[in-house]
Amino acid sequence: MIALVDCNNFFASCERVFNPSLQNKPVVILSNNDGCIIARSNEAKALGIAMGVPLYQVRELLERENVAVFSSNYNLYGDMSRRVMCLLSEFTPDLVPYSIDEAFLDFTGVCTEDRFWDYGRRIVETVERGTGIPITIGIAPTKTLAKIASKLCKQYPKLAGCCYMHRPEDIEKVLRRFPIGD
């Protein structure tokens with residue numbers, strides 16, 4: 001089985017680790033030259049702030065809604081990414097970083113099939129406790145399905161950050177409803 005770990009709203013989550021007063025408040029992160037929004041908290045997304053939108057187009061909205069605005073801090077994000085990856089490496093010898101905030105984990109030989117969901121929940125709890133970064137984890141037979149399972153966690157909070165998608169009938173059902181563009 002393959003797992004995909006995805007850090008939730010990673011850049012905004014990193015800022016929140018060091019400024020807890022930002023919890024439950026809208027946060028956006030700007031590009032290198034502060035020209036565009038490159039990351040958003042869920043609260044900022046709920047305000048309709050789009051990814052990649054130029055700052056000048058939403059400046060009034062940001063001020064009106066008291067959105068916390070940050071220049072990107074890649075040293076911080078890189079350090080937090082290394083911390084997350086270090087914790088993930090404790091759960092499998094086969095870890096492949098996919099991006100600054102995502103990694104594939106191979107669960108072959110790590111635990112038995114009946115324990116995958118519990119193992120995934122333990123990873124979610126360990127990373128959040130150890131770094132303050134919330135994550136989702138999708139577990140499935142392939143990397144593509146693991147990525148889809150991880151996205152399901154963001155859509156369905158009742159999954160508690162972990163989706164183990166392995167039954168053929170469930171995979172079929174999910175794939176029929178999942179947007180082909182994704």
Side-chain angles (χ1 to χ4, degrees), residues 2-47 49-55 58-59 62 65-107 110-111 118-139 143 146-155 157 159-163:
I2 302 293
L4 176 82
V5 169
D6 185 3
C7 298
N8 301 343
N9 307 313
F10 184 58
F11 293 174
S13 293
C14 289
E15 297 292 347
R16 285 176 166 170
V17 167
F18 294 97
N19 187 349
S21 70
L22 298 172
Q23 294 299 329
N24 303 312
K25 295 183 180 172
V27 176
V28 297
I29 311 300
L30 303 175
S31 58
N32 284 345
N33 62 0
D34 287 349
C36 296
I37 293 174
I38 61 166
R40 306 153 298 151
S41 67
N42 287 337
E43 297 82 4
K45 292 174 188 177
L47 293 172
I49 300 169
M51 178 70 102
V53 68
L55 177 61
V58 293
R59 191 179 305 273
L62 298 175
E65 297 294 335
N66 273 337
V67 176
V69 179
F70 292 90
S71 295
S72 49
N73 181 345
Y74 296 112
N75 288 331
L76 169 64
Y77 311 146
D79 180 62
M80 293 302 289
S81 176
R82 284 185 290 280
R83 292 177 191 199
V84 169
M85 300 300 168
C86 183
L87 286 172
L88 294 177
S89 71
E90 295 176 10
F91 290 93
T92 180
D94 193 356
L95 169 84
V96 178
Y98 183 56
S99 68
I100 193 168
D101 69 333
E102 293 179 286
F104 287 106
L105 291 73
D106 188 338
F107 282 177
V110 172
C111 66
D118 292 330
Y119 200 65
R121 281 294 309 142
R122 199 164 99 215
I123 292 170
V124 169
E125 292 165 1
T126 299
V127 171
E128 186 151 11
R129 187 177 54 250
T131 64
I133 302 293
I135 66 167
T136 57
I137 184 168
I139 305 166
K143 287 181 177 180
K147 178 80 170 164
I148 291 170
S150 177
K151 284 183 176 263
L152 291 175
C153 292
K154 294 178 191 323
Q155 295 172 2
L159 292 174
C162 182
C163 178

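Just the heavy atoms: all of them, side chains too, but no hydrogens, waters or symmetry mates, feed the values below.
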Practice item. Return the minimal non-hydrogen interatomic distance between Ser81 and Phe10, and the atom names on each side. Key: N-CZ, 3.6 Å
Check your understanding: Between atom CG of Leu30 and atom CG of Leu62, what is the distance when rounded to the nearest 0.5 Å?
Key -> 8.0 Å
Review point. Are the side chains of Thr131 and Val17 in touch, meaning some heavy atoms are under 4.5 Å apart?
Key: no
Point to revise | Side chain proximity check, Ile37 to Ile29, heavy atoms < 4.5 angstrom | key: no
Review point. For Leu76, which residues count as a side-chain contact (heavy atoms from CB on, under 4.5 Å) partner, sequence neighbours excluded?
Key: Cys14, Glu15, Phe18, Asn73, Met80
Practice item. Answer whether the closest heavy-atom distance between the side chains of Val58 and Val67 falls below 4.5 Å. Key: no
Review point. Once you round to the nearest 0.5 Å, how far does CZ of Phe104 lie from CG of Leu95?
Key: 11.0 Å
Check your understanding: Closest heavy-atom contact between Ala12 and Ser41?
Key -> CB-N, 4.1 Å
Point to revise | Over all atoms of both residues, closest heavy-atom pair of Arg16 and Asn24 | key: NH2-N, 3.8 Å
Practice item. With sequence neighbours left out, write down each residue that passes side-chain contact (heavy atoms from CB on, under 4.5 Å) with Thr136, or none if nothing qualifies. Key: Asp6, Asn8, Ser150, Cys153, Lys154
Revision key, fill the gap. Separation between CD1 (Ile137) and CG (Leu4), nearest 0.5 Å, reads 8.0 Å
Point to revise | Taking every non-hydrogen atom, the tightest pair across Leu88 and Ala103 | key: CD1-CB, 4.1 Å
Exercise for review: For a side-chain contact (heavy atoms from CB on, under 4.5 Å) with Ser31, tell me which candidate from Ser71, Cys36, Pro54, Ser72 qualifies.
Suggested key: Cys36
Exercise for review: Side-chain contact test, heavy atoms from C-beta onward, threshold under 4.5 Å: evaluate it for Ile100 versus Tyr74 and give yes or no.
Suggested key: no
Revision key, fill the gap. Hits for salt bridge (charged side-chain N to carboxylate O under 4.0 Å, His left out) against Asp106, two or more places apart or cross-chain, chain-then-number order -> none
**Study point:** Residues that Phe91 engages under ring pair (Phe, Tyr, Trp, His ring centres under 6.0 Å), provided they are two or more places apart
**Key:** Tyr119
**Study point:** Residues, nucleotides or ligands: over 12 heavy atoms within 6.0 Å of Lys25 NZ
**Key:** no
Practice item. Sorted by first residue and then second, give each salt bridge (charged side-chain N to carboxylate O under 4.0 Å, His left out) pair with at least one member in residues 119-130; sequence neighbours left out. Key: Arg121-Glu125
Review point. Which atoms form the tightest heavy-atom contact between Ser89 and Cys86, and what is the distance?
Key: OG-O, 2.6 Å
Check your understanding: Where is the tightest heavy-atom contact between Leu22 and Ala68, given as atom of each residue plus distance?
Key -> CD2-CB, 3.6 Å
Review point. Does the side chain of Ile49 reach to within under 4.5 Å of the side chain of Glu65, using non-hydrogen atoms?
Key: no
Study note, to complete from the structure: The complete set of side chain to side chain donor-acceptor pair (under 3.5 Å) pairs with one or both residues in residues 90-100, sequence neighbours excluded, reads Ser99-Asp101, Ser99-Glu102
Practice item. Would you indicate whether the side-chain heavy atoms of Val69 and Asp34 approach each other to under 4.5 Å? Key: no
Review point. Mind checking whether Leu55 and Val28 have side chains closer than 4.5 Å, heavy atoms only?
Key: no
